[in-house]
Amino acid sequence: MTPDTEVSPKPDIDALARSHDLDDLRARLDPLDFMAGWNKHEPSLWKEPRTDYKPMVWRWAAAKAGLDAAGRLIDAEQAERRNLFMVNPIEGNHYATLRTLVSAYQMLLPGEKARTHRHSPNALRLVLDVADNCYTIVDGVRIDMEPGDVLLTPGMSWHGHGNEGSAPCYWIDYLDVPLVQLLEPMFLDLWEGLQPAADNTRDSPYVFTMASMQAQLAQASPDTYGRTRILLDAPSMPTTALFMEKLIGGQNGQLLRSTENQIFTVVSGAGESRVGAERLSWSRGDVFVAPGWQAVQHHPAEDAMLFCVSDLPVHEKLGFHRMRVEA
Ligand SMILES: [Fe+2]
């Protein structure tokens, strides 16, 4: 078979051999799509991790006002998902919250359904405010949402949401879409409407209830870095580690630097955190982020609980993870 177009011109080997100086050689290499390493515009390696992503905080109060306004202006069917992505304000970025992760506030009005779909990215959500009869259907199993739930919809599991209750329900989504976009194994399938539920349970490996997480936290002792936190047992989520951490009012944590990207959500309490050169204040429902290698230290003003979504397993599996305590 003959290709329609030639991808690369035939190199003129003799012309390359006749190059009389480096500029001349470069001029002959450029059209062949070779870049001479000695002419690199930018270094490709550096001494320690660096990132354009910024430490940021997004306010729940603003997100709720925005979602409530959107609730008047667009229905869930039209929107596909009525959500507000937390976009890190760096040049050229229109989507990602951090390099590998994206997060969004989402709302469903009474009577609405968010139709079922499935995709290779892994997703999970933390339920913020829900009254009654709001649910996710994962692979044909209905899981009713309750405040504080962490609900998993692993890659390629069918998932949709419904609200048959009396009040809007709000949650926060976390997905590894930016990582999948980077590696490019993106797949998406759409279901016609909402998948019917063959079963209804809250006894599922895909839901962690607030009561169970609090009970586990009450038994937890501080780790080697002084953090009292539990790792949610979620083997279905290969790219993310999920932690619930308990902070005691007035007790500052250690200043920790890790290669992982971390999204923190304030489940309860208030305080501020140092992330890199920034000081981010937070209260319930707010989301703040620590890009990789930015030192993080929490300063809770009162007892608080933080939910952390991290890409730590990716760093660990690839052998890239490093962590240290800063003075
Ligand atoms: Fe989805």
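Whatever order the structure lists ligands and atoms in, that order sets their numbers, starting from 1. The figures here come from the full heavy-atom set of this structure, side chains too, leaving out hydrogens, waters and symmetry mates.
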Problem set entry | Ring centers of Y95, F85 separated by less than 6.0 Å | yes
Problem set entry | Stacked cation flag R142 on Y135, 6.0 angstrom / 45 deg | yes
Seminar exercise, completed: From the list L108, V130, D68, side-chain contact (heavy atoms from CB on, under 4.5 Å) with Y170 holds only for D68
For this session: Among L183, V177, V180, find the residue that satisfies the side-chain contact (heavy atoms from CB on, under 4.5 Å) test when tested with S120.
Result: V180
Seminar exercise, completed: Under 2.8 Å from the Fe ion (ligand 1), protein N/O/S atoms total 3
Exercise. Taking the six-membered ring where the residue is Trp, are the ring centres of W60 and Y105 under 6.0 Å apart?
Worked result: yes
For this session: Output all residues satisfying side-chain hydrogen bond (donor to acceptor under 3.5 Å, both in side chains) with E112, sequence neighbours left out; order by chain, then residue number.
Result: R82
